[in-house]
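Report on the structure given below.
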Amino acid sequence: MFLGRGLLAGLLAGLLAGAFAFAFGEPAVDRAIELERLSSAGHPHAHGGDGELFGRTAQRVGLFFATGVFGVTVGGIFGLVYALLRGYLRAGDEWGRSLTLAAAGFLAVFLIPFVKYPANPPTVGDPETIGARTAAYYAMVGISLLVVFLGWMAARRLRERGVSAPVRQVLVVAGCAAAVGVAFALLPGSPDPGGFPAGLLWEFRLSAFGTQAVFWAALGAIFGLIGERRARETGRSAA
């Protein structure tokens, strides 16, 4: 039940995120590609002379396929995690529990890693280091997930021991911030954008942030709405 709900919600959220990325992110990508083309105009062999494997039209269509697949994958995981943690989430209904879990997912999966490794256009960074940069990013995602989960567990333990909410929140936030700070210090830094235009870089990163914000908000909302509808149907059947 929760898995199917997550798959459907993830697919719809992924398509909505794809629409946002198409409207706000693709123009920045086009300008970045044009900038790279102009900078390499005097170096005809800079890209091996083979041209692009897929044209921009195919890439734009593939954007929705990629966000849809991403949405289904993350939505399925979201549904399974929700089924495991549903009884421990403090919100009193499906809507509140779903939004709470989606907010935690946005924080752990995207926002904290984004602070360390903000999104860059394809032209930024040495292509030979892409493997190392990808590994460092996923390591940051794993650490972020672990920190958020441990912070949630610590908050529950402190609440059970009667620690007041202000003290509990300060302790948990401070502990999580310290752990994330250590991870930031130990992991390699983000690639230097060099002479890439700052305005275009900022626009690209804002579009990446907005795409993820749309996805996680839509995932939590759609999953919660489906859950609320199912709860009402179950209540009517029981009556």
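Please read all numbers here as calculations on a predicted model, not as lab measurements.
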>> Under the criterion salt bridge (Lys or Arg N to Asp or Glu O under 4.0 Å), I'd like the reasoning laid out for Glu94 against Arg229: C-alpha separation, chi angles, the key distance, then a yes or no.
In response: CA-CA 9 Å; Glu94 297 292 317; Arg229 180 180 178 183; over 6 Å; no
> Does the side-chain contact (heavy atoms from CB on, under 4.5 Å) test come out yes or no for Val148 and Ile112, once each step is laid out?
Replying inline: CA-CA 10 Å; Val148 170; Ile112 294 176; 4.2 Å; yes
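In this structure, Arg133 CZ and Tyr138 OH are separated by 13.0 Å, a value rounded to the nearest 0.5 Å. Separating the CH2 atom in Trp216 from the CG atom in Leu101 is a distance of 8.0 Å, to the nearest 0.5 Å. Note that CD1 of Ile226 and CD of Glu228 are 11.5 Å apart. Values are rounded to the nearest 0.5 Å.
Cluster annotation: Leu111 is connected to Phe149 through the hydrophobic network of ILVMFWY side chains, with a link wherever side-chain heavy atoms come within less than 4.5 Å. Each of Leu15 and Phe20 belongs to its own hydrophobic cluster when Ile, Leu, Val, Met, Phe, Trp and Tyr are linked at side-chain heavy-atom distances under 4.5 angstrom. In terms of hydrophobic clustering, with Ile, Leu, Val, Met, Phe, Trp and Tyr side chains grouped at heavy-atom distances under 4.5 Å, Val172 and Leu145 are assigned to different clusters. Side-chain heavy atoms closer than 4.5 Å link hydrophobic residues (I, L, V, M, F, W, Y) into clusters, and following such links, even through other members, never connects Val173 to Val115. Met153 and Val170 sit in two unconnected hydrophobic clusters of ILVMFWY residues. Membership requires side-chain heavy atoms under 4.5 Å apart, directly or through other members.
Residue Arg159 places its CZ atom among more than 12 non-hydrogen atoms of other residues, nucleotides or ligands, all under 6.0 Å distant. Atom CZ of Arg157 is surrounded by 12 or fewer heavy atoms from other residues, nucleotides or ligands within 6.0 Å. The neighbour count for Leu150 CG, taken as heavy atoms of other residues, nucleotides or ligands under 6.0 Å away, is above 12.
Each of Leu187, Val141, Ile143, Val180 was checked for a side-chain contact (heavy atoms from CB on, under 4.5 Å) with Lys116, and the lone residue meeting it is Leu187.
Counting only heavy atoms from C-beta outward, the side chains of Phe70 and Phe215 approach each other to under 4.5 Å. Residues Trp152 and Leu85 form a side-chain contact, since some pair of their non-hydrogen atoms from C-beta on lies under 4.5 Å apart. Counting only heavy atoms from C-beta outward, the side chains of Phe106 and Leu219 never approach each other to under 4.5 Å.
In this structure Ala217 satisfies the side chain to side chain contact (heavy atoms under 4.5 Å, CB included) test with no other residue, sequence neighbours excluded. With sequence neighbours left out, Arg205 forms a side-chain hydrogen bond (donor to acceptor under 3.5 Å, both in side chains) with Asn120. Here Phe2 pairs with Tyr82 under the ring pair (Phe, Tyr, Trp, His ring centres under 6.0 Å) rule; sequence neighbours left out. Residues that satisfy the ring pair (Phe, Tyr, Trp, His ring centres under 6.0 Å) test with Phe65, not counting sequence neighbours, are absent from this structure. With sequence neighbours excluded, the residues satisfying side chain to side chain contact (heavy atoms under 4.5 Å, CB included) with Leu3 are Leu7, Leu80.
Evaluation of the salt bridge (charged side-chain N to carboxylate O under 4.0 Å, His left out) test over residues 179-191, restricted to residues two or more places apart or in two chains, returns none.
Here the closest heavy-atom approach between residue Phe24 and residue Glu203 is recorded as O-OE2, 4.5 Å. Listed here is the closest heavy atom pair of Leu16 and Ala218: CD1-CB, 3.9 Å. Scanning all heavy atoms of the two residues, the minimum distance from Gly18 to Phe64 falls at C-CE2, 3.6 Å. Nearest heavy atoms, Leu99 versus Ala221: CD2-N, 3.7 Å. The minimum heavy-atom distance between Val163 and Arg168, with the atom names listed, is O-NH1, 2.9 Å. Across all non-hydrogen atoms, the minimal contact from Ala13 to Ile222 is N-CD1, 4.2 Å.
For Ser98 (side chain) and Trp95 (main-chain N/O), no donor-acceptor pair under 3.5 Å exists by modelled atom type. Within the 3.5 Å criterion, the main-chain N or O of Tyr117 finds no donor-acceptor partner in the side chain of Ser190. Under the 3.5 Å distance criterion, the side-chain polar atoms of Ser144 are left unmatched by any main-chain donor or acceptor of Val109.
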